[in-house]
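Here's the structure we're looking at; comments come further down.
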Amino acid sequence: MSSTTVPYIGNLLQGSRNAITDVEGVTVGHQTLDDGAVQTGVTVIRPHAGDPFRDKVPAAAVVLNGFGKSVGLVQLAELGVLETPIALTNTFSVGTVATAQIRHCVAANPECGRSLPTVNPLVFECNDGFLNDIQRMAVSEADYLRAYDHAGEEFAQGSVGAGRGMSSFQLKGGVGSASRCVSAHSGVHTVGALVLANYGRQPQLVLAGHSVGERLGRLPGTRGAGNIANDAEKGSIIIVIATDAPLDARQLKRLALRAGAGLARTGSVFGHGSGDIVLAFSTAYTVPDGVERPMPAVAMVHDGLLDGLFQAAADSTEQAILHALWRATPVTGREGNHRPALHDLLPPSAL
């Protein structure tokens with residue numbers, strides 16, 4: 001089976017790119033660090049082309065399992081908006097990237113923290129320490145800015161950006177994305193997902209409903225990985241859901257929760273040591289930063305009509321995880337630790 005032959009999840013149509021950027025206005029950029037023992041990076045998701053500090057985006061998050069070190073979730077839960085781009089990186093680089101987001105906001109808004117409120121940086125992480133020498137703290141503030149500047153509608157997936165050093169199911173993990181379209185009374189809405197996949201025990205791996213983990217067996221080149229059959233879940237996954245459907249923060253939290261259905265289909269049990277977090281946001285409207293500008297008058301989708309969006313969130317999440325696995329390339333990093341790519345191991349008869 002070639003790297004491009006990926007099973008299609010569900011019966012909803014995909015967007016033109018089958019990526020989170022099918023939601024109009026959303027862009028994604030990477031900065032990849034690939035130098036011997038340093039295998040890491042930054043991925044930035046911009047919700048729109050403007051300044052989210054001034055024009056905030058409705059959002060909500062769900063913590064499926066809270067083994068993580070993210071920044072910004074407390075205020076997000078309270079106010080229901082995001083006011084920076086969404087940044088993904090490794091665990092030890094959260095502080096650096098948050099500082100970069102603050103400096104970036106201050107540069108664009110010199111009164112931030114003075115006559116204007118402080119900004120709430122939003123950074124999510126996974127631990128890429130098997131492949132990446134995480135103690136080097138190699139990610140810089142400049143790397144965040146490069147990822148931000150590179151953001152576009154077309155972007156790479158797999159072993160890139162924040163996904164460079166990530167592992168899933170004792171295989172190479174990384175960044176994956178997908179989208180689904182839903183017909184509604186108000187027209188067609190798009191739901192897109194982007195994942196940073198760094199989770200899973202190999203025996204539990206399920207692809208498009210087929211249990212393939214046990215068939216993969218013990219892999220060559222995984223020195224230091226331990227006993228694959230008995231390894232505890234020590235990874236994480238960050239899932240970002242975008243939609244152009246007009247939803248409020250309460251509804252977005254409900255949408256985020258449904259991404260967990262797509263995650264579970266791949267074999268995840270939200271293990272004890274896994275940080276599994278979902279963020280959902282809508283691009284249908286923005287919330288102004290100051291009281292001098294009026295709040296938007298938006299007709300929200302009725303709760304009774306959310307099921308199609310729920311299915312799209314689940315299906316696009318599962319599809320994005322498959323893309324992360326299939327599009328990843330093999331990586332050898334710290335101390336010779338290696339993760340093979342799924343598409344190099346799985347025979348056509350496996351599904």
Side-chain angles (χ1 to χ4, degrees), residues 28-34 37-47 52-53 59-79 81-107 112-113 118-151 160-168 173-175 194-199 234-240 256 273-279 281 333-334:
V28 176
H30 303 297
Q31 177 66 14
T32 304
L33 305 183
D34 173 13
V38 174
Q39 301 290 330
T40 192
V42 182
T43 295
V44 172
I45 304 166
R46 296 185 61 185
F53 183 68
V62 169
V63 178
L64 301 173
N65 194 64
F67 206 114
K69 289 82 178 172
S70 300
V71 166
L73 288 177
V74 172
Q75 183 172 310
L76 175 67
E78 182 68 23
L79 301 184
V81 294
L82 33 109
E83 51 189 35
T84 67
I86 303 152
L88 311 175
T89 191
N90 74 66
T91 307
F92 281 1
S93 297
V94 170
T96 297
V97 173
T99 299
Q101 287 189 322
I102 293 169
R103 291 192 199 278
H104 193 222
C105 181
V106 169
C112 177
T118 57
V119 67
N120 183 50
L122 189 61
V123 187
F124 295 100
E125 55 78 32
C126 293
N127 183 351
D128 60 9
F130 180 73
L131 290 173
N132 173 49
D133 187 355
I134 199 169
Q135 291 185 358
R136 292 198 190 183
M137 300 186 186
V139 172
S140 68
E141 293 180 35
D143 292 321
Y144 169 80
L145 295 176
R146 292 186 187 103
Y148 178 93
D149 289 340
H150 292 160
V160 293
R164 178 64 191 177
M166 301 300 171
S167 305
S168 275
V175 173
L194 184 144
V195 303
L196 181 62
N198 189 58
Y199 75 101
K234 296 180 181 179
S236 297
I237 184 168
I238 304 300
I239 303 170
V240 179
S274 187
D276 305 325
I277 301 173
V278 188
L279 172 82
F281 68 91
R334 179 182 65 85

I277 vs S70 side-chain heavy atoms within contact, under 4.5 Å
yes
L279 vs I239, test: side chain to side chain contact (heavy atoms under 4.5 Å, CB included). Steps then yes/no.
CA-CA 6 Å; L279 172 82; I239 303 170; over 6 Å; no
Using a distance-only test with no angle check, is there a side-chain donor-acceptor pair under 3.5 angstrom linking N198 and S236?
no
Taken to the nearest 0.5 Å, the spacing of D276 CG from L64 CG works out to 6.0 Å
Give the intermediate values and the outcome of side chain to side chain contact (heavy atoms under 4.5 Å, CB included) for residues L76 and V81.
CA-CA 6 Å; L76 175 67; V81 294; 5.8 Å; no
Determine the minimum heavy-atom distance between L82 and A59, stating which atoms define it.
CD2-CB, 3.4 Å
If you measure from the Lys or Arg side-chain nitrogens to the Asp or Glu carboxylate oxygens, is any gap between D34 and R164 under 4.0 Å?
yes
For the side chain of T99 and the backbone of G95, is there at least one donor-acceptor N/O pair under 3.5 Å apart?
yes
Closest non-hydrogen atom pair, V139 against G41
CG2-O, 4.1 Å
Close side-chain approach of V28 to T43, heavy-atom, < 4.5 Å
yes
Side-chain heavy-atom pair Q31, H150 within 4.5 angstrom cut-off
yes
Evaluate side chain to side chain contact (heavy atoms under 4.5 Å, CB included) for I238 paired with C126, printing each intermediate quantity in order.
CA-CA 8 Å; I238 304 300; C126 293; 3.9 Å; yes
Under the 3.5 angstrom rule, does the side chain of S168 hit a backbone N or O of A197 as a donor-acceptor pair?
yes
Could you measure the distance from the OG1 atom of T118 to the CD1 atom of I102? Nearest 0.5 Å is fine.
8.5 Å
Any side-chain to backbone donor/acceptor pair from S140 onto D143? Under 3.5 Å, distance only.
yes
For the residue pair V42 and V44, establish whether any side-chain heavy-atom pair is separated by less than 4.5 Å.
yes
Taking C-beta and beyond as the side chain, do H104 and Y144 meet within less than 4.5 Å on heavy atoms?
yes
Nearest heavy atoms of G273 and F67, plus distance in Å
CA-CD1, 3.6 Å
With a 4.5 Å limit on heavy-atom distance, are the side chains of V123 and T84 in contact?
no
Do NZ/NE/NH1/NH2 and the carboxylate oxygens of R146 and D149 come within less than 4.0 Å?
no
Minimal non-hydrogen separation, L73 against A61, with atom names
CD2-CB, 3.8 Å
Would you say N90 and T40 are linked by a side-chain donor-acceptor pair, where the criterion is simply a distance under 3.5 Å?
yes
Between the main-chain N or O of P85 and the side-chain N or O of Q101, is there a donor-acceptor pair closer than 3.5 Å?
yes
Quick one: are F124 and L196 in side-chain contact, heavy atoms under 4.5 Å?
no
Does the side chain of T91 come under 3.5 Å of the side chain of E125 through a donor N or O and an acceptor N or O?
yes
Minimum heavy-atom distance between V62 and A256, given as atom pair plus value
CG2-CB, 3.8 Å
Determine whether N132 and R334 make a side-chain contact, defined as any pair of heavy atoms from C-beta on separated by less than 4.5 Å.
no
Heavy-atom closest pair, residues V160 and H30:
CG2-NE2, 3.6 Å
Mind checking the CG-CD spacing from L122 to Q75? Nearest 0.5 Å is all I need.
10.0 Å
